[in-house]
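The structure appears below as structure tokens.
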Amino acid sequence: MRNFLSVHSIGDVEKLAQEAIEIKSNPFQWENLGKRKTMVLVFLNSSLRTRISTQKAAQNLGMNTIVLNLGTDSWNMEFEDGAIMNGSTAEHIKEGAAVISQYADIIGLRSFPTLTDKDRDYSEFVLNQFLKNIKVPLVNMESATVHPLQSLTDLMTIREFATKPRPKVVLTWAPHIKALPQCVPNSFAEWMNKAEVEFVITNPKGYELHEKFAGAATFCKNQTEAFKNADFIYAKNWSSYTDYGQILNTDPNWMVNAEKMALTNNAKFMHCLPVRRNIVVADEVIDSENSIVIQQAGNREWAAQAVLKRILEKL
Ligand code: CP
């Protein structure tokens, strides 16, 4: 594997999740693989988990790491070809990315969607501008449409906690006060569609994900029905794809609470974090024994390490 951009960058998702589980049991087995190599992590947006877990993963493999908060630590970057740069952007991606590429053996990039320009976002404009102008592998640390490091972590966590070979996994939309990207649900859906699970998505009308990501998932408009016999409940808010970037529903009845969790097969509760308590999920659920959100976030390190290991092995 050269670049890790989405589920399509790898073959067998289950095999990579298993590799991440094995790395977790012996994290320093490959501590010299990345010796004298540097990963530059470029952030255009905020992060807690991705920032720390990916650095830690690279360091476990012997790499040096540098974090660059683009636009705050560095010059504002221009991404448009042919731009007349008489505004707030001082450095073009053509020079900026090419220069970073000389200091790095692997680059990580986080760049969220605009949520106003659907074509730009769904063409992965910023990610592709980086790809065009660098000469080293790129790791997607959440882009306009997907968050594959999170999805690999999610699959790894499901495998760790599953009590049957083919668990029922339910992705449920939940309310939020802000318009959020579709990256996490898009990505989760495309990974679950390739995994050995029974996968169900439940969301209110108008929140259907792009079919490219939702694929063969079973859809259930009734959240209560969807929860029945579930082994894992994965909650996430996202803004509308069809009415792009809009909030169409704020119904608090979609929040995950204990009453709904009681319908499940003693399901584990998952969320990628950060999460707004008592908006997305009730305290009684996220604080319960069935909540595995902390273990899930912990697994970000091992998932990132599995990905970086595969890239380093091909360098
Ligand atoms: N889940 C996740 O990507 O968290 P951060 O945005 O804090 O990195």
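The basis for the numbers below is simple: all heavy atoms, side chains too, and nothing from hydrogens, waters or symmetry mates. Counting starts at 1 for both ligands and their atoms, in listed order.
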Does NZ or CZ of Arg51 fall inside the cone over Phe43's six-membered ring, less than 6.0 Å from its centre and within 45° of the axis?
-> yes
With the threshold set at 4.0 Å, does a side-chain nitrogen-carboxylate oxygen contact exist between Glu198 and Lys164?
-> no
Lys/Arg-Asp/Glu bridge criterion (N-O < 4.0 Å) met for Lys15, Glu19 = no
Of Arg51, Arg49, Arg110, Glu142, the residue with the heavy atom nearest atom 6 (O) of ligand 1 is Arg110
Judged by heavy atoms only, the candidate from Ser53, Ser47, Cys272, Ser46 nearest atom 8 (O) of ligand 1 is Ser47
What protein heavy atom sits nearest atom 3 (O) of ligand 1, and how far away is it?
-> His147 NE2, 2.8 Å
With distance as the sole test, does Lys236 use its side chain to make a donor-acceptor pair with the main-chain N or O of Leu171 at under 3.5 Å?
-> no
Take every heavy atom of Arg300, measure it against each atom of ligand 1, and state whether any distance is under 4.0 Å.
-> yes
So is Thr50 polar-close to ligand 1, meaning N/O to N/O under 3.5 Å?
-> yes
Using distance alone, decide if ligand 1 has a nitrogen or oxygen within less than 3.5 Å of any nitrogen or oxygen in Leu48.
-> yes
Near Leu273 (heavy-atom distance under 4.0 Å), the atoms of ligand 1 are 1 (N), 2 (C), 4 (O)
Do Met270 and Gln295 come close enough that some side-chain heavy atom pair is under 4.5 Å?
-> no
Is Leu149 touching ligand 1 with its side chain, its backbone, both, or neither, if touching means heavy atoms under 4.0 Å apart?
-> neither
Which is it for Asn237 and Trp254 under the side-chain contact (heavy atoms from CB on, under 4.5 Å) test, yes or no, and what are the steps along the way?
-> CA-CA 10 Å; Asn237 170 269; Trp254 276 83; over 6 Å; no
